[in-house]
Protein chains: 2
Amino acid sequence: MRFETSTIKDIAKALGLSTSTVSRALRDRYEISEETKKLVLAYAEKVNYRANPIARSLKERRSYSIGIIVSEIANNFFSQVINGIESIAYDKDYHVIISQSHESFEQEKLNVDHLASRSIDGLLIALSSETQNIDYLRDLYAKGLPIVFFDRVPENFETHKVIANNFKGSFDATEHLILSGKRTIAHLTNSENLSITRERLKGYQAALAKYHIDFNPDLVKYCQHGGMHSEELETAVKELLPLKPDGIFIASDRLTTGCIMALKNTNPEFAHKIAIAGFTNSNLVELFSPSLTSVRQPAFEMGQVATELLISMIEAKRPVVDFETRILDTELIKIQKAASNKFL
Amino acid sequence: MRFETSTIKDIAKALGLSTSTVSRALRDRYEISEETKKLVLAYAEKVNYRANPIARSLKERRSYSIGIIVSEIANNFFSQVINGIESIAYDKDYHVIISQSHESFEQEKLNVDHLASRSIDGLLIALSSETQNIDYLRDLYAKGLPIVFFDRVPENFETHKVIANNFKGSFDATEHLILSGKRTIAHLTNSENLSITRERLKGYQAALAKYHIDFNPDLVKYCQHGGMHSEELETAVKELLPLKPDGIFIASDRLTTGCIMALKNTNPEFAHKIAIAGFTNSNLVELFSPSLTSVRQPAFEMGQVATELLISMIEAKRPVVDFETRILDTELIKIQKAASNKFL
DNA sequence: CTGAAAGCGCTAACAC
DNA sequence: GTGTTAGCGCTTTCAG
């Protein structure tokens with residue numbers, strides 16, 4: 001929407017200058033005399049001049065906006081990441097455009113293509129749980145679109161990545177369950193397509209190994225849709241129950257809340273007996289019943305770091321060839337004894 | 001970001017046509033012969049032609065994008081509204097740009113101005129709890145920016161609005177508390193600036209009146225920042241405790257979860273004794289302890305309706321003068337006895 | 001039915 | 001220091 005806002009041309013006419021002089025004055029270029037600058041700035045201020053970013057984008061072939069793809073914003077982990085992204089982006093005068101894949105590959109691709117055609121300057125993406133083929137991203141990347149992956153990252157894709165220390169986070173959580181006396185620990189996790197799934201599985205296995213507990217593949221359940229459908233959770237839970245686990249370690253935010261819900265629906269009594277540990281950035285964990293031990297990711301910081309890396313790529317004079325994968329530590333938040341004993 | 005994508009010019013050159021013919025063929029105009037259209041479409045498909053929306057926006061002075069302002073996306077109510085908005089917008093080929101006010105007036109205004117300068121075609125907004133003066137919106141509206149308010153709407157602003165039946169939702173929730181035997185029912189609510197605050201207070205009062213319970217203003221606590229700061233919630237809760245309420249009705253999503261948290265932190269024992277009812281669209285209510293009766297708003301539908309109204313304004317040939325305020329029914333979800341008795 | 005040309009608002013060589 | 005000019009990619013009169 002453009003209103004009857006004044007343009008650079010109007011200012012030029014009013015001041016008897018050329019549009020280029022006005023443009024340069026507005027952008028504070030060294031060629032322009034202080035006097036002219038003042039004149040222009042004052043007048044621009046007076047008429048409340050706002051540069052038209054559309055025109056600027058067309059000319060400069062960039063939009064000062066970055067695209068974000070997450071599976072869903074109704075997820076504390078992702079909304080915190082987004083807040084981190086915004087905190088840096090706004091500071092550096094970038095605009096962000098958020099899209100949700102809802103864990104669908106098709107939706108993800110559609111959104112990315114849409115964003116790319118909207119002339120975003122760079123892309124921040126956490127892959128959907130369905131995504132296996134990222135050729136479409138390779139194409140865009142090859143054509144010059146800077147991409148930074150976070151959380152759910154691909155292998156064999158040379159660019160910046162920001163992830164949590166998934167191995168350690170899982171190890172710690174599983175070890176915590178073991179140290180509280182659990183021996184039959186189930187693992188509920190995401191699609192095997194995802195990096196986080198593989199890394200978190202390894203942490204889980206390593207903790208078991210450390211305490212000489214045999215790894216039982218039957219105790220691992222995968223949810224292909226990342227818990228978007230409650231059926232997949234309930235099925236997983238039902239398959240797990242006969243194995244009589246005394247603990248369960250859950251590998252992601254949506255899954256953690258969904259699993260507790262499924263446990264409660266399936267066998268509420270059991271839900272309160274089994275020890276639960278899971279990745280989640282929910283700020284409501286303290287309200288949950290049954291309560292759980294949670295692995296929190298530094299989501300806000302992850303967004304910040306990813307954005308800094310992305311903007312550095314966007315603004316790099318020469319092609320970036322030195323890529324880094326930043327690994328951020330997670331935090332294990334144990335159940336508060338008081339809460340779990342007295343009132344549950 | 002624009003890559004070496006082909007333009008209308010490239011197609012024209014390749015096909016020995018003029019750019020205008022190509023443009024018209026692509027837009028399926030009646031003047032163009034079927035043959036030419038086929039030719040152009042086929043070639044466009046072959047080179048994977050994508051129109052540059054930036055150029056189109058500049059020319060047409062519109063962007064096919066609509067702006068959304070909510071207080072925060074990490075709130076199930078708003079994220080559901082956003083999903084509803086997207087469902088309609090994408091269908092009609094509009095793009096959405098989401099911004100968060102974080103309940104700050106300044107941030108809200110900043111975001112709106114930013115969106116307006118980004119040439120959005122229309123705005124969907126739920127006001128921040130700090131917002132008192134909406135002259136900046138009136139200005140934009142007067143300049144021709146279509147605006148539709150939802151959830152938190154202003155008075156004396158003639159445009160489409162979509163809200164929940166706040167009065168009835170509150171009445172029902174309060175009545176439910178009364179019918180379960182509560183007599184001293186506190187009310188925790190948002191800033192008085194907000195329409196939802198006023199409407200929900202009225203519903204609460206009406207229910208009390210129906211059962212001849214005196215309205216005690218001391219039992220009503222306002223949170224100016226909508227629960228963004230945990231202090232305001234804890235203060236409110238601490239002020240309420242001495243009055244020994246046996247029930248509490250909470251007026252919004254963030255407040256509801258925040259209040260339960262504050263209750264638990266302040267006096268966990270009491271938290272489990274007091275009956276709680278509150279507006280919330282959290283999909284995790286069933287996990288909460290203490291449990292609560294919740295008033296759910298048709299958030300998805302609200303987003304859909306608001307978007308339909310907005311797009312109708314955007315695409316209207318003549319200025320819209322007939323405005324409507326759509327009121328959608330809420331749903332009262334009572335505590336499930338089983339869950340609350342057996343396991344809490 | 002198709003083409004030539006202007007122009008959306010802005011930036012950046014290239015003059016002077 | 002400042003102005004002239006061309007052009008980003010697209011749509012749209014206006015001619016033919």
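Computed from a predicted structure; not experimentally measured. Note on naming: letters A, B, ... go to the chains in the order of the sequence lines (proteins, then strands), and numbering restarts at 1 for each one.
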Q: Do B:Gln107 and B:Ser128 have side-chain atoms, one donor and one acceptor, less than 3.5 Å apart?
A: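 No pair is found: no donor N or O on one side chain lies under 3.5 Å from an acceptor on the other.
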Q: Whole-Å distance between C:dC8 P and A:Ile8 CD1?
A: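 Distance, rounded to whole Å: 14 Å.
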Q: Tell me, please, whether A:Phe149 has A:Arg152 positioned over its six-membered ring: NZ or CZ under 6.0 Å from the ring centre and within 45 degrees of its axis?
A: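 No, A:Arg152 and A:Phe149 do not form such a contact.
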Q: How close or far is atom P of D:dG9 from atom CZ of A:Arg118, stated in whole angstroms?
A: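 So the CZ-P distance, A:Arg118 to D:dG9, works out to 17 Å.
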Q: Using whole Å, what does the distance between atom P of nucleotide C:dG9 and atom OH of A:Tyr49 come to?
A: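 Answer to the nearest Å: 10 Å.
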Q: Using a cut-off of 4.0 Å between protein heavy atoms and nucleotide atoms, how would you tag nucleotides 2-7 of chain C 5' to 3' with B, S and -?
A: BBB--B
Q: How close or far is atom C1' of D:dG1 from atom CG of A:Leu26, stated in whole angstroms?
A: 17 Å
Q: For the pair made of CZ in A:Arg29 and P in C:dC10, what is the distance, rounded to whole Å?
A: 15 Å
Q: Using atom CD of A:Glu35 as one end and atom C1' of D:dT2 as the other, report the distance to the nearest whole Å.
A: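 Roughly 13 Å, once rounded to whole Å.
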Q: Checking all strands, does B:Ser23 fall into the base, sugar-phosphate, or nothing category for heavy-atom contacts under 4.0 angstrom?
A: base
Q: Please state how far atom CG in A:Leu58 lies from atom P in D:dG7, giving the value in whole angstrom units.
A: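 Nearest whole value for this atom pair: 14 Å.
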Q: Please report, rounded to the nearest Å, how far the P atom of D:dG9 is from the CD1 atom of B:Ile11.
A: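 Atom CD1 in B:Ile11 sits about 13 Å away from atom P in D:dG9.
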